[in-house]
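Here is the structure we will look at.
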Amino acid sequence: MIKKIITLIAIFFSSAACLAEDIHFDNDTYTLKYSAIAPSTQGYGNEYFKKGENVSNWSKMIGIYYYPNENDPIKYAQNFDKTVENTENSVLLKFIENKKSDKAIISFLVNGSENAKKYFEYDIYKFEKNQDNGMVVSKYAVKYFFTKNEEIKQIADKVKSENDKYLEMLAVSPLPKIIEENISLKN
């Protein structure tokens, strides 16, 4: 019985430790609220959200995605870039390769809507080798909601003025630990 209680306490604290994982980026704190293995890559995807936000309701998020079977971040990023450029509702902002460090970073806008609200999603993805094996993709995303077409220029000006800053911030950010647990929280 005591062994069972100790095991349950250990499981509780190991889960609580995972949930306490935070990422600090641009003066915001993001908490791990989703983690699952992706069937297509066989690697874990971790998604971090601001307080009160989650997978289905967010304004900003950080994603860390592990691809254990992918070993060429530059080639993967080049293919990703082609997909962005050939997607009708996406606009490429910047694509940078660093072959010396085997990293690439891309920023783009995607036009979308949810719950009858229109938005532009500003995305930055960083592709780099994982220290053990495979590749890790880091993502920073912001949703800019708008109701009038006149607001689009304001969003474009804001993204244009901040794009290089966020590219650099994500480029130099260290990789957080990949959490390999299934976590799905509502808040």
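The figures that follow rest on heavy atoms only: side chains count, while hydrogens, waters and symmetry mates do not. For reference, positions follow the sequence shown, starting with 1.
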Exercise. What is the distance from atom NZ of Lys158 to atom CD of Glu151, rounded to the nearest 0.5 Å?
Worked result: 13.5 Å
For this session: Report yes or no: do Phe145 and Met61 belong to one cluster of Ile/Leu/Val/Met/Phe/Trp/Tyr joined by side chain heavy-atom distances under 4.5 Å?
Result: no
For this session: Before giving the answer on side chain to side chain contact (heavy atoms under 4.5 Å, CB included), spell out for Tyr76 and Asp81 the whole-Å C-alpha distance, their side-chain angles and the decisive distance to 0.1 Å.
Result: CA-CA 9 Å; Tyr76 194 93; Asp81 171 56; over 6 Å; no
For this session: Would you indicate whether the side-chain heavy atoms of Leu167 and Lys94 approach each other to under 4.5 Å?
Result: yes
Problem set entry | Glu128 bridged to Lys126 by N-O distance under 4.0 Å | yes
For this session: Determine yes or no for a side-chain-to-main-chain donor-acceptor pair under 3.5 angstrom, with Ser90 supplying the side chain and Asn86 the backbone.
Result: no
For this session: Could you check if a side-chain atom of Glu53 sits within less than 4.5 angstrom of a side-chain atom of Ser59, using non-hydrogen atoms only?
Result: yes
For this session: Using distance alone, with no hydrogens and no angle criterion, decide if Gln154 and Tyr144 have a side-chain donor and acceptor under 3.5 Å apart.
Result: no
For this session: Could you please spell out the steps behind the side chain to side chain contact (heavy atoms under 4.5 Å, CB included) verdict for Thr31 and Lys51?
Result: CA-CA 7 Å; Thr31 301; Lys51 185 177 180 176; over 6 Å; no
Problem set entry | Residue pair Pro73 / Lys129: nearest heavy atoms and the distance that separates them | CG-N, 3.5 Å
Problem set entry | Pair Thr41, Glu70: side-chain N/O donor-acceptor within cut-off below 3.5 Å | no
For this session: Taking atom types as modelled, find out whether Asn46 and Tyr34 have a side-chain donor-acceptor pair closer than 3.5 angstrom.
Result: no
Problem set entry | Inter-residue atom distance Phe49.CZ - Thr29.OG1, 0.5 Å rounding | 15.0 Å
Exercise. Just one of Ile64, Ile124, Ile105 clears the side-chain contact (heavy atoms from CB on, under 4.5 Å) bar with Ser138, so which one?
Worked result: Ile64
Problem set entry | Side chain Ser35, main chain Glu181, donor-acceptor under 3.5 Å | yes
For this session: Decide whether Val137 and Leu92 are clustered together by the hydrophobic rule: side chain heavy atoms of Ile, Leu, Val, Met, Phe, Trp, Tyr closer than 4.5 Å, transitively.
Result: yes
Exercise. Between Tyr119 and Lys143, is there a cation-pi geometry (under 6.0 Å to ring centre, at most 45° from the normal)?
Worked result: yes
Exercise. Nearest 0.5 Å, what's the CG-CG distance between Asn71 and Asp102?
Worked result: 9.5 Å
Seminar exercise, completed: Taken to the nearest 0.5 Å, the spacing of Asp164 CG from Met169 CE works out to 13.0 Å
Problem set entry | Between Phe25 and Tyr30, ring centroids under 6.0 Å | no
Problem set entry | Asp123 (side chain) donor-acceptor with Phe108 (main chain) under 3.5 angstrom | no
Problem set entry | Aromatic plane relationship, Tyr125 with Phe80 - under 30° parallel, 30 to 60° tilted, over 60° perpendicular | tilted
Problem set entry | Gap separating the CG atom of Asp132 from the CD1 atom of Ile178, nearest 0.5 angstrom | 10.0 Å
Exercise. Should Asn149 and Lys118 count as side-chain neighbours, where that means a heavy-atom distance under 4.5 Å?
Worked result: yes
Problem set entry | Residues Lys165, Asp26: salt bridge by 4.0 Å N-O rule | yes
Exercise. Where does the angle between the aromatic ring planes of Phe120 and Phe146 fall among parallel (under 30°), tilted (30 to 60°) and perpendicular (over 60°)?
Worked result: parallel
Exercise. Judged by modelled atom types alone, do Asn133 and Tyr66 share a side-chain donor-acceptor pair under 3.5 Å?
Worked result: yes
For this session: In sequence, state the C-alpha distance, the side-chain angles, and the governing distance for Tyr67 and Gln42, and then conclude on side-chain hydrogen bond (donor to acceptor under 3.5 Å, both in side chains).
Result: CA-CA 7 Å; Tyr67 294 71; Gln42 295 305 303; over 6 Å; no
Problem set entry | Distance-minimising heavy-atom pair for Pro68 and Gly43 | CD-CA, 3.6 Å
Exercise. Are side-chain heavy atoms of Ile155 and Lys153 found at a separation under 4.5 Å?
Worked result: no
For this session: Identify the two heavy atoms, one from Asn182 and one from Tyr44, that lie closest to each other, and give their separation to 0.1 Å.
Result: OD1-CE2, 3.7 Å
Problem set entry | Electrostatic pair Lys60:Glu47 at N-O distance under 4.0 angstrom | no
Exercise. Out of curiosity, Ile74 CD1 to Asn98 CG, how far, rounded to the nearest 0.5 Å?
Worked result: 7.0 Å
Exercise. Is there a donor-acceptor pair closer than 3.5 Å between any side-chain N or O of Lys139 and the backbone N or O of Tyr65?
Worked result: no
Problem set entry | side chain to side chain contact (heavy atoms under 4.5 Å, CB included) between Glu97 and Gln78, intermediate numbers included | CA-CA 9 Å; Glu97 295 177 3; Gln78 289 169 341; 2.7 Å; yes
